[in-house]
Protein chains: 2
Amino acid sequence: MNNRAPTVAQLRAFAALAEKLHFRDAAAELGMSQPALSGAVAALEETLGTRLVERTTRHVLLTRSGEAVAQRARAVLAGVEELAEAAQTTGRPFTGDLHLGVIPTVAPYLLPALLRPLKARYPELELILHEEQTATILDGLVSGRLDLAVLATPVEGTGMTGLALYDEDFMLVYPGDDPGAPRGPVALTALRELPVLVMEEGHCLRDQTLEVCQEAGRDGLASTRAASLATLVQLVAGGLGVTLLPSTAAAVEARPGSGLGATRFRDPAPGRSILLVHRSSSPRAAEFEQLARTMREAVKAHRMPVRLPAEA
Amino acid sequence: MNNRAPTVAQLRAFAALAEKLHFRDAAAELGMSQPALSGAVAALEETLGTRLVERTTRHVLLTRSGEAVAQRARAVLAGVEELAEAAQTTGRPFTGDLHLGVIPTVAPYLLPALLRPLKARYPELELILHEEQTATILDGLVSGRLDLAVLATPVEGTGMTGLALYDEDFMLVYPGDDPGAPRGPVALTALRELPVLVMEEGHCLRDQTLEVCQEAGRDGLASTRAASLATLVQLVAGGLGVTLLPSTAAAVEARPGSGLGATRFRDPAPGRSILLVHRSSSPRAAEFEQLARTMREAVKAHRMPVRLPAEA
DNA sequence: GGATCGTGATAGGAGTTACCTATGAATAAC
DNA sequence: GTTATTCATAGGTAACTCCTATCACGATCC
């Protein structure tokens, strides 16, 4: 007794036979020999445990089971066809949903430059934004919840590939009416004398700021911690201290009339690199590289205060 | 390049993997080895021309195509399952539609005896009646429009199998007020002197009557031809002649008070056999034989004026 | 009525496929 | 560094599918 499931080939064979009601013609249409079709149909009958066709040298008739099976076989074959087509369609690059994670200290300054050009160039791409902290984003990438992410160095996740988008320097941001405001680039060591405010835990900008401070020889920090970059800026404006902001953020937050001032550091200025990150195992690596190129072009076109990688 | 269609086994393999997201576990559930599953999924990807899963030693993730394909694969597999089940269900004997052809000179006298017992015994059987002439019925059997038929001998169709239901004698039917009405069984030769009315062409009763008349030594016939048996009876009642009717019909049409008389012929009396006919190639032969037995029982229970085959 | 044509089933053999066991490569976790 | 877990690969065997050639049966034709 054949105990296995029907085969697509068998269903295809039977469907053709059900349509033509003639073994030779059906076999010819399928591009197979008549005995092969005969065997396939016989195997299907064996599998299903029912006679599907009444064969005579005179005529081929479908049994009741045959009628029922033929109908469903057509449906199944259509489903397989649709499946094959869906596999192609869904896999097309630059189409469909793309879940993009972006860290909060980059999102508000980068996305305005990106969204319009991306939509223009890839109209079928549905960008779904997730503004989350680095750890959450990495977890999302690993689990498949996210396809792609914009993160800042260092990225410590394993199995991740980062494509350089741009580098940005940190700038010193201080209250706009500060009488001791610097008039030119300042040395990193200036941080030793200043009350540096940072964001709360979890934000990578916090860790980056701490690292810079440590490098500058500063130990303690003001205890106040801002939950968001907007709050941090308000604290500085309120005179509670200074802070470090990436140039893209500083350009916006310390713009003329904002009540804040910003100045660069002397070379070598501290900074961070912004990367487009995806799972190394992703089959869409090529697509993402192309996407990174487009993003760099958009950044350049938007005249963001950053350094682009050499190639761009 | 693999150019063929996906296999049910491949879809099953991929569906299991999509559910478990773990090659070993999925393979175990399918009762196959992990390499076999690995190969099956790889083959499916090759066939579809798309990466379906992102594999790492750490995790297995579905690509977008993978998600789409998994969903449709489940649908296809459900369809196959349903198909297999439908094949069983539809093939069950004594269930579903059964197209039964019955000749007009039998239908009104046999069916009252059959329908109730059949419905009682086979409640799931849907008898669909087709009252047609022999030639049409045979054509219907050959083409598959009909599954089964009640015909009278001789049946000349090839590839048909006839199961004897009963034999019925022909009776001489005459006007009830005929002064020369016979008082007992008459000889066949009596037909020579009588104006025998027959039905129009196509009815097998006409051919049978003609044959009996020829045997009796009668040549010409009255030119009037009745389109139906009811008409024929009216013609006889109107005094236009006599006719031959099978005993089952005569018992009804020449019943007391009908204005008609009927008498038997002396042995060997002419008659005809009623058969249950199906295509010899039908896989339902056994079912039909059982049906024939039930019909004979019903005929017997209904006390129809016929002779049943010896076995019954 | 015998020969011929057309039908589907069967036989034998070649090519391919699918599977299993054993092993390899890569990555986490300790 | 070592171990454990994961999926991929290799080699060999068993099974399947398909093809060509032929058979058996029935209808048709001369």
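By convention in this document, chain letters (A, B, ...) are assigned in the order of the sequence lines, proteins followed by strands, and residues within each chain are numbered from 1. Computed from heavy atoms alone, side chains included, the values below leave out hydrogens, waters and symmetry copies.
- Distance A/E46 CD to C/dA9 C1': 15 Å, rounded to the nearest Å.
- For A/S280 and A/T161, the side-chain atoms include at least one donor-acceptor pair closer than 3.5 Å.
- Pairs of residues two or more places apart, or lying in two chains, that qualify as ring-ring contact (aromatic ring centres under 6.0 Å, His included) and include a residue from residues 68-99 of chain A are A/F94-A/Y122, A/H99-A/H130.
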May I have the list of side-chain donor-acceptor pairs in residues 22-29 of chain A shorter than 3.5 Å, sequence neighbours left out?
| unit_1 | atom_1 | unit_2 | atom_2 | d |
| --- | --- | --- | --- | --- |
| A/H22 | ND1 | A/R24 | N | 3.4 |
| A/H22 | ND1 | A/D25 | N | 3.2 |
| A/E29 | OE2 | A/K20 | NZ | 3.4 |

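- In this view, A/D207 satisfies the side chain to side chain contact (heavy atoms under 4.5 Å, CB included) rule with no residue, not counting sequence neighbours.
- In this structure B/R64 satisfies the side chain to side chain donor-acceptor pair (under 3.5 Å) test with no other residue, sequence neighbours excluded.
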N/O-N/O pairs, protein side and nucleotides 15-17 of chain C side, under 3.5 Å:
none

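- Residue pairs satisfying the salt bridge (charged side-chain N to carboxylate O under 4.0 Å, His left out) criterion with at least one member in residues 94-104 of chain A, sequence neighbours excluded, are absent.
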Identify all side-chain donor-acceptor contacts of residues 67-88 of chain A below 3.5 Å with residues at least two apart in sequence or on another chain.
| unit_1 | atom_1 | unit_2 | atom_2 | d |
| --- | --- | --- | --- | --- |
| A/R72 | NH1 | B/E82 | OE2 | 2.4 |
| A/E82 | OE2 | B/R72 | NH1 | 2.3 |
| A/Q88 | NE2 | B/L48 | O | 2.6 |

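- Here the P atom of nucleotide D/dT6 and the CG atom of B/L61 are 16 Å apart, to the nearest Å.
- The separation between A/H59 atom NE2 and C/dG8 atom C1' is 12 Å, rounded to whole Å.
- With respect to the salt-bridge test (charged N to carboxylate O, under 4.0 angstrom), the residues B/E45 and B/R55 qualify.
- Among residues at least two apart or in separate chains, salt bridge (charged side-chain N to carboxylate O under 4.0 Å, His left out) pairs with a member in residues 131-153 of chain B are B/E132-B/R145.
- For the pair B/S38 and A/T7, both in contact range of DNA chain D, the more 5′-proximal nearest nucleotide belongs to B/S38.
- Rounding to whole angstrom units, CG of residue A/L17 and C1' of C/dA9 are separated by 14 Å.
- Looking at residues two or more places apart in sequence or on another chain, you find no salt bridge (Lys or Arg N to Asp or Glu O under 4.0 Å) involving B/R12.
- Annotation: side chain to side chain contact (heavy atoms under 4.5 Å, CB included) contacts of B/L127 (sequence neighbours excluded): B/L98, B/L100, B/L115, B/L118, B/L125, B/L129.
- Of the residues in residues 18-29 of chain B, those lying under 4.0 Å from DNA chain D by heavy-atom distance are B/H22, B/F23, B/R24.
- Per the geometry, CD belonging to A/Q10 stands 10 Å off C1' belonging to D/dT17, to the nearest Å.
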Q) For nucleotides 20-30 of chain C, read 5' to 3', which letter fits each nucleotide if B means a protein heavy atom sits under 4.0 Å from the base, S means only the sugar-phosphate is that close, and - means neither? A) BBB---BSS--
